[in-house]
Amino acid sequence: MLFNSLIFVVFFAIVYLLYLSLSHRWQNRMLLVASYVFYGAWDWRFLSLILASTIADYFCGLGIHASRDRRRRKALLLVSLTVNLGLLGFFKYYGFFTDNLQELAGLIGWNLDALTLNVILPVGISFYTFQTLSYTIDIYRGRLRPERNIFDFALFVAFFPQLVAGPIERAWRLLPQISLPRHIGLKEITDGAWLCLYGFFLKVFVADNLAPLVDRVFSMAGPVPGGEALTAVYAFAFQIFGDFAGYSSIAIGVAKLLGFDLMNNFLFPYLVTNPRDFWRNWHISLSTWLRDYLYIPLGGNRGGPTITQRNLFLTMLLGGLWHGAAWTFVLWGAYQGTTLILHRQFESRLPRLRLSGGAATAWYWLKVIFMFHVTCLGWLIFRAQSVGQVWEMLVAIFTNFTPLSWTTVYYLAMIAFYTWLVNVIQFIQRANGDVLAVAGLKGRWRWPIVTLMFYLMVVWGEYGSNEFIYFNF
Amino acid sequence: MSSFISTFERIWGRVLAEWGPLSPSFWTGLAVSTAVLGIAWFICRRFRSPWRGPACLVIFILAMRLVLFDNSFSWGFYSWAVDKEVGWRQGGVIKQEARKYHSYPHPVKYLVVGSSQTDAVYRSYAADHDEMVMFSLAGMGPMDFYLYREYIASFRPETILLFISEFDLARQPPWDAVKLGPAQGLDFLDLYAKVSPMIDVWPAAEGFLKEFGAGELFPEYKYGFVFRAFVDRFLKKSKALKLTNVHDIEMGENREDRIAQLSKMDPAGLDFGFSFLADFAKYCDAQGLEVVIVEGQYNPLAYSAHNLELNRRVKAQLSGLADRLEHCRFIPRTELMNFTPDDFHDASHVLLPKGREFSRRLVQYLEKGRN
């Protein structure tokens, strides 16, 4: 059930009407059923995985909290890690692992075809396993008390707005909102409606209109002209932002309409000047998860520069692999790790320019443009179908660049047309430091923007059955 | 500026000569809509409430619809500006939308309704006979007759001429084109009831229902192709992506493939197509408009035992329909003339001189019947 489908609109309308008419306790029960229906609409068989994860973590959480025996606590944590990472590993990485093993074995003449299994990737498994893992880890660390009501805990795992593509919530944020009565006032409704509208706009106007352009270039047979390759990467940068930030915005908006306050997942990732700030603005729920449950446990920045760099690299490498079972994602993770390390290296060594006024603004924009291109190189690796294609496109960009071919100009114009309003909105959000800034503008500014979004969505929106990119992760 | 005004006068003069003056109902509708929106805006500006913003937004959207869609000038401009950027059907829809606000300049004796196949049969004759008027859209079929029934009736013709065979009744409607049909209001429920059982046969029908439903509420969505075409024209999309414009495709291309396809007609849609034709004929009957269903023909090279069997079924259905309705006639083509394979451009479109000959015989036949 996609957020941008008629069936979801009908589903949510029914859920919302029921929700508003029920008491808090029954709201939670109904939301749990609705969440299972929402997930089961894809493939009801995979509900068993969510249930397995829920039951394992519920009892492990209680067991860890109740036990004073360190070894027993560790054993229970290990059970939770094994169940969650085992499910994730099998469903997401089995095929990748066996394919590579078969290829390696083939080199020395062994035939391992018997290992081949056609494993389907359950939607959202990477998201809800990380969410539940944080729950047991936090209890193990003594930072969280376990939830005793199994239905409320099940809702924490399966809460439908953020079940399949995040934001990856933390138990300490979401569980109290489930346990305690929620308030739905005019502010929640207007903010929720704005976030939903903005999310739909990002998806149907920005992402899905740029998708054909990107697909066309990335699936071209034969050599790709450099100009087209570069513009396709620019287009993909906005496509993936529109797609993923759009999904997150709808998820947060839908949750807000239900009285929940989910964490921001995206801020202004293309208005930053360095890789560290990029990860503070992009997929925030994942980057903070990786920081809290991987980077810091590895030692963080406590072991000197070399250890810090190792930790950064390993964290981003695994973060890359989290996105998908392919070498391009491993390479992308390595690239992100490298940019963070380089930034850390150069940040303290480069002299600080003392600029003011127009010069400072120009310098800021130069850095933004440079950082955008650093990010785009990452997106090229991310989007490419193989490592070979990354190389081919890079060669095309640097050796076969015809800047003003009509196709390139057309692609640039398309990108400008489909992204100008989202860029204006991003500027407004950044200037106010708030993703809800447009909703808070005075009526004479807010309504024209809303009207324009409405017209652009209705007239130029793409309403095919394009799935969200992050459903594959 | 003066050249702009003179160009406008020249084009508008041609429009008035061909389509007639703007109808009184258009002027009344425009005046009432403008007054209502003006009063609503005036009240809204003085109304202090959290709902003022959304109310102003709704008024603004309705005013935009009035400017963009509810007048002949806008549609005439779209036709002039983007006719070459849109497909055949879309271009036809733009012209039809512009034309619907005009009162036809003289009485219409014969109104020919149908697809490009029908257009090829009657166009040459209609060009120099004022009493015959054409309303043709690319791919137009029985479902379109039903959707455009009010527009067709607005010509007040003495006789509506159709050119129908199993070719029209058995084929799957071109959903992407049919969805551009006029808003149906509550009749959409009837349309939904008719189309939804066909989703199992033609899965694309589901998308059609959703899109048509969306178009009922949001004309901006239905007519989005116009504004997309403006952007495509401005950015020169065809040149950039080296696309072949549909208007540059020669009639008769892929003739053999089309004939081969046509020889394997799918009977699944026969009753579906016929039900829309019957509803259209009943509507016209109730309005006192005569419908003459002429048995259509496609290239005889595509005849097969299977198609001939379908032809027998179709003829029985059509003559049964004509028998049931007071103002409906069915004319088998054996009464007029049979086209030979050499008379066709391709699988379904006849050569203009042959079509002219057919039209002449049909008019003679009808006149003889009247006398």
Side-chain angles (χ1 to χ4, degrees), chain A residues 4-7 9-10 185-187 189-190 193-194 197 204-205 209 212-213 216-217 220 225 227-228 231 404-418 420 438-465, chain B residues 41 44-45 47-65 67-69 78 82 176 179 192 203-204 206-243:
Chain A
N4 57 335
S5 68
L6 187 63
I7 186 81
V9 175
V10 174
L186 187 62
K187 177 147 177 58
I189 292 174
T190 50
W194 159 254
L197 177 75
V204 303
F205 181 71
N209 273 307
L213 187 163
R216 189 183 157 95
V217 175
M220 256 185 189
E228 290 176 39
T231 45
L404 288 178
S405 83
W406 196 255
T407 314
T408 305
V409 173
Y410 171 73
Y411 284 168
L412 283 172
M414 292 284 286
I415 295 167
F417 179 72
Y418 288 118
W420 70 270
V438 175
L441 288 176
K442 285 194 169 165
R444 80 176 79 111
W445 295 110
R446 184 174 68 239
W447 291 113
I449 291 176
V450 169
T451 310
L452 198 56
M453 284 169 76
F454 170 82
Y455 262 95
L456 292 175
M457 271 169 66
V458 172
V459 175
W460 277 282
E462 183 59 51
Y463 293 90
S465 59
Chain B
W41 183 259
C44 194
R45 298 295 298 165
F47 188 52
R48 294 235 165 261
S49 146
W51 296 102
R52 191 171 77 160
C56 289
L57 177 65
V58 170
I59 294 167
F60 177 77
I61 287 170
L62 293 176
M64 287 292 284
R65 285 181 182 178
V67 173
L68 294 175
F69 306 121
Y78 304 151
V82 296
D176 276 346
K179 74 181 184 190
Y192 187 90
E206 187 179 0
F208 159 77
L209 283 173
K210 283 182 190 166
E211 296 206 55
F212 200 91
E216 290 283 306
L217 295 173
F218 301 109
E220 295 87 353
Y221 176 71
K222 182 161 67 177
Y223 301 126
F225 69 88
V226 173
F227 306 102
R228 284 177 174 261
F230 272 106
V231 174
D232 291 346
R233 183 183 158 163
F234 180 69
L235 301 179
K236 295 191 169 46
K237 180 182 179 181
S238 306
K239 186 180 165 191
L241 301 185
K242 300 172 186 72
L243 302 175

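Labels below follow one simple rule: chain letters A, B, ... track the order of the sequence lines, proteins then strands, and each chain is numbered from 1. In what follows, every heavy atom counts, from backbone to side chain, and hydrogens, waters and symmetry copies are set aside.
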Evaluate B:K210 against A:Y463 for side-chain contact (heavy atoms from CB on, under 4.5 Å), listing each step before the verdict. CA-CA 10 Å; B:K210 283 182 190 166; A:Y463 293 90; over 6 Å; no
Check: Which of residues 223-231 of chain B have a heavy atom under 4.5 Å from any heavy atom of chain A?
Finding: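 The residues closer than 4.5 Å to chain A, in numerical order, are B:G224, B:F227, B:R228, B:V231.
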Exercise. Got a second to check how far B:L235's CG is from A:Y411's OH, nearest 0.5 Å?
Worked result: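 One finds 12.5 Å between CG of B:L235 and OH of A:Y411.
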- prompt: Which bit of B:L68 is near chain A, if near means a heavy-atom gap under 4.5 Å: side chain, backbone, both or neither?
  reply: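 B:L68 touches chain A through side-chain heavy atoms alone.
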Report yes if the distance between the aromatic ring centroids of B:F218 and A:F454 is under 6.0 Å, otherwise no.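 When the ring centroids of B:F218 and A:F454 are compared, they turn out to be within the sub-6.0 Å range.
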Check whether A:R446 gets within reach of chain B through its side chain, its backbone, both or neither, counting any heavy atom under 4.5 Å.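 Neither part.
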In this structure, are over 12 heavy atoms from other groups packed under 6.0 Å from B:R65 atom CZ?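 Counting neighbours around CZ of B:R65, more than 12 heavy atoms of other residues, nucleotides or ligands fall under 6.0 Å, so yes.
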